[in-house]
J.: 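Sharing a structure with you now.
Every chain is numbered from 1, with letters handed out A, B, ... down the list of sequences. Note that the coordinates shown come from a computational prediction; the quantities given were computed from them, not determined experimentally.
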Amino acid sequence: MKPMLDQGSLVAAIKRCTRVGDLKAIQAHMVRANLTQDTFLTSKLIESSAVTLSGHVAYAHRIFSCTHHPNLFMWNTIIRGYSISDSPITAIALYRDMFLCGISPNNYTFGFVLKACCKLLRLCEGQELQSQIMKVGLDFETPHLNGLIKLYAACGCMDNACVMFDEMPDPDSASWSTMVSGYAQNGQAVEALKLFQEMQAENVSSDAFTLASVVGVCGDLGALDLGKWVHSYIDKEGVKIDLVLGTALVGMYSKCGSLDNALKVFQGMAERDVTAWSTMIAGYAIHGHGEKALQLFDAMKRSKTIPNCVTFTSVLSACSHSGLVEKGHQIFETMWTEYKITPQIKHYGCMVDLFCQAGMVGHTHKFIQTMPIEPNVHISRKILKLDPSSPENYVLVSNVYASQGRWSSVCQVRRLMKDKALKKQHGWSSIEINFLVHKFIMGDESHPEREKIYGMLHQMARKLKQVGHVASTVDVLHDIDEEEKEYALGLHSERLAIAYGLLHTPNGSPIRIVKNLRVCRDCHEVIKLISEVYNREIILRDRVRFHRFRERGCSCNDYW
DNA sequence: ATAGGGTTAG
């Protein structure tokens, strides 16, 4: 190696570092060149290990602690490093230390601490920060406002986020994309799309960040036509399809059932990381193409991309849907032996599905005994104990009970959820007509065409009764709360969507609907009946299947 | 002397 003992070449060398080991070598050079007290070089060392080589904040922290009088840049850099690390709480602690050391923050500091608050969902501290900025007389800049909007969105307060956004004098593309992704993350997909359409109307051009969110929303809603339109918009505007946007498109096309397009985008991508590969593999898994998913998994390994736990969920579920028992078992074993990934409950779930579908009852029992957690209702109880704050877990448990007809337990779980005042996650269904996505929740009365829809709904109910359908839930849920009554009356979201579809799609064309979150037992049966009575093909995409491969062993290719 | 906010997979 050439000697590089001046500051300039050392800085250049730090920039080229890809591992912490490289930094150690440079530190050795600094000792030899008597440059250990060089503030600029020390700053760059901290920056490199704290930010550029993320995951090595502790190393940066050691250098920082050895510095006698760290300057503001060093403080900022170390706080920034922690804010993006898995210990953002340390960023906040350091921010307090900074005051104790008599160092005043600047605008950059606030941005980094805000990010840490965001990761920790510390709304109060974020607001405190907001008043501090004003107190010290610094300008409140767009990145701060965007950070606060993000914080509100992350904490589920889209109303506050919206007020801030509306009051912004000069929202930039980051502001828009924060809002769009905020709606998307809070399950307000339609609002996200509305905002995107507003952007179009106001001639605000969308960049790759916003578009990735929008594309994701299209996938969530199964809005293929709109998704295709956004894709053509991306091409037309010459927006570069980078790793993230490419991955978003692949995911959108596979979720919307268009695997050809998903593959086309995937193959056109200049680079592919573990997320991109996992998305494409999941696409094949969802549609029951087990062999293809496995081929892709092999290709991924050949490309030296290291699979993670998400990749394995998709690969194992692909095996389960295609009956590839041996192969699946083999891959499951490699999780720990080759990749040191501890299988999670969902991976065990895939394995149980795999054995069950192959009819290997004995094998299943044996496998279950090796599991760290029992795979029945009792695990669900454990899940609730482990994470009692996640509403999804309650829904999962309630569904497990429902599938066994244990209605009183269903009510108990629901009541528990209510007592804990957990935000109800409404199940919804949607249908896309002429690029517009119409979303319905159970008993939805807000639609402008509610009269027509309800008329159709009652007609549907009568016709179903004529062919002998008795809503199985009606009989058991008579003495429960209002919501359950609506449920029992048949105002399920998917029926509202179908009614709307019957009213608005031309005769002969299929009705494609997406159902999310709450599966009722007779949903598929009812849809089949409606489709027979009205002589219309009804295609249901059940989003729950994407999340919970382990539930009752239906193959996903039934849905598209 | 250096630096900031927003995006993707189950």
Side-chain angles (χ1 to χ4, degrees), chain A residues 7-8 11 14-15 38-44 46-48 50-52 71-81 83-84 106-115 118 141-151 153-154 165 171-182 184-185 206-217 219 239 241-252 254-255 262 265-266 269 272-283 285-286 307-318 344 346-347 349-350 543 545-550:
Chain A
Q7 196 204 43
V11 168
I14 291 171
K15 273 190 190 154
D38 186 309
T39 0
F40 190 62
L41 269 176
T42 311
S43 302
K44 287 296 162 191
I46 294 173
E47 189 183 11
S48 181
V51 181
T52 320
N71 61 23
L72 180 58
F73 181 78
M74 290 177 191
W75 278 101
N76 281 349
T77 310
I78 197 79
I79 289 172
R80 180 180 169 205
S83 77
I84 56 173
N106 66 3
N107 268 334
Y108 291 103
T109 325
F110 288 123
F112 301 139
V113 183
L114 210 46
K115 193 168 194 163
C118 216
E141 298 177 345
T142 314
H144 299 145
L145 290 165
N146 292 342
L148 276 170
I149 292 177
K150 176 103 201 302
L151 181 62
F165 178 70
D172 62 5
S173 62
S175 322
W176 284 94
S177 73
T178 310
M179 285 300 290
V180 172
S181 68
Q185 280 157 20
S206 318
D207 61 8
F209 281 88
T210 314
L211 289 165
S213 287
V214 172
V215 168
V217 168
V239 178
I241 298 184
D242 61 4
L243 197 56
V244 175
L245 188 51
T247 306
L249 283 167
V250 172
M252 181 274 289
S254 10
K255 283 179 180 175
V265 176
F266 181 74
M269 287 170 72
R272 302 177 191 107
D273 63 357
V274 60
T275 308
W277 283 99
S278 304
T279 308
M280 195 61 233
I281 293 174
I286 289 165
N308 63 18
C309 60
V310 179
T311 323
F312 279 105
T313 318
S314 303
V315 174
L316 292 176
S317 70
Q344 298 161 5
K346 55 193 166 200
H347 301 113
C350 290
R543 283 199 70 226
R545 299 285 158 195
F546 295 134
H547 303 301
R548 310 221 174 87
F549 293 110
R550 54 189 291 257

J.: Would you say B:dG5 has OP1 or OP2 under 4.0 Å from some side-chain N or O of A:Lys115?
T.: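 Yes, such a contact exists.
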J.: To the side chain of A:Thr279, which of B:dT2, B:dG4, B:dA9 is closest?
T.: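 The closest nucleotide is B:dA9.
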J.: Does A:Phe165 have any ring-ring contact (aromatic ring centres under 6.0 Å, His included) partners at least two apart in sequence or in another chain, and if so, which?
T.: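 By the ring-ring contact (aromatic ring centres under 6.0 Å, His included) rule, A:Phe165 matches A:Trp176.
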J.: Which nucleotide, B:dA3, B:dT7, B:dG5, lies nearest any side-chain atom of A:Asp172?
T.: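 The answer is B:dG5, which lies nearest to the side chain.
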J.: Taking only the side-chain nitrogens and oxygens of A:Gln185, find out if one of them lies under 4.0 Å from OP1 or OP2 of B:dT7.
T.: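 Checking A:Gln185 against B:dT7: at least one side-chain N or O falls below 4.0 Å of OP1 or OP2.
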J.: In whole angstrom, what separates A:Ile241's CD1 from B:dT8's P?
T.: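 These atoms are roughly 16 Å apart.
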J.: In chain order, what residues pass the side chain to side chain contact (heavy atoms under 4.5 Å, CB included) check against A:Glu141, with sequence neighbours excluded?
T.: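 A:Glu141 satisfies side chain to side chain contact (heavy atoms under 4.5 Å, CB included) with A:Asn107, A:Asp139, A:Pro143, A:His144 only.
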J.: Between B:dG6, B:dA3, B:dT8, which nucleotide gets closest to the side-chain atoms of A:Asn106?
T.: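 Between B:dG6, B:dA3, B:dT8, the one nearest the side chain of A:Asn106 would be B:dA3.
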J.: Give a yes/no answer on whether the side chain of A:Ser181 brings an N or O atom under 4.0 Å of OP1 or OP2 in B:dT7.
T.: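 True: A:Ser181 side-chain N/O within range (under 4.0 Å) of B:dT7 OP1/OP2.
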J.: What I want to check is whether an N or O donor and acceptor connect the side chain of A:Thr313 with the base of B:dG10 at under 3.5 Å.
T.: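 Result: no qualifying N/O pair found.
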J.: Specify the closest pair of heavy atoms between A:Gly219 and A:Met252, including all atoms of both residues, with the distance to one decimal.
T.: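 In this case the closest contact between A:Gly219 and A:Met252 is N-CG, 3.7 Å.
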J.: Of the options B:dG5, B:dA1, B:dA3, whose atoms approach the side-chain atoms of A:Thr142 most closely?
T.: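 Per side-chain heavy atoms of A:Thr142, the pick is B:dG5.
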J.: Closest to the A:Phe40 side chain: B:dG10, B:dT8, B:dA1?
T.: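 Nearest to the side-chain atoms of A:Phe40, counting from C-beta on, is B:dA1.
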J.: Closest heavy-atom contact between A:Thr247 and A:Ala276?
T.: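 Minimum heavy-atom separation between A:Thr247 and A:Ala276: OG1-CB, 3.6 Å.
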J.: Nearest to the side chain of A:Lys150, which nucleotide is it out of B:dG6, B:dG4, B:dA1?
T.: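 Nucleotide nearest to A:Lys150's side chain: B:dG6.
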J.: Nearest to the side chain of A:Ala174, which nucleotide is it out of B:dG6, B:dA9, B:dG10?
T.: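 Ranking B:dG6, B:dA9, B:dG10 by closest atom to the A:Ala174 side chain puts B:dG6 first.
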J.: Picking from B:dG5, B:dG6, B:dA3, which would you name as closest to the side chain of A:Glu47?
T.: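 Among the listed nucleotides, the one closest to the side chain of A:Glu47 is B:dA3.
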J.: Is A:Phe209 stacked on the base of B:dG6, with ring centres under 5.5 Å apart and planes under 30° apart?
T.: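 Ring-base stacking flag set for A:Phe209 and B:dG6.
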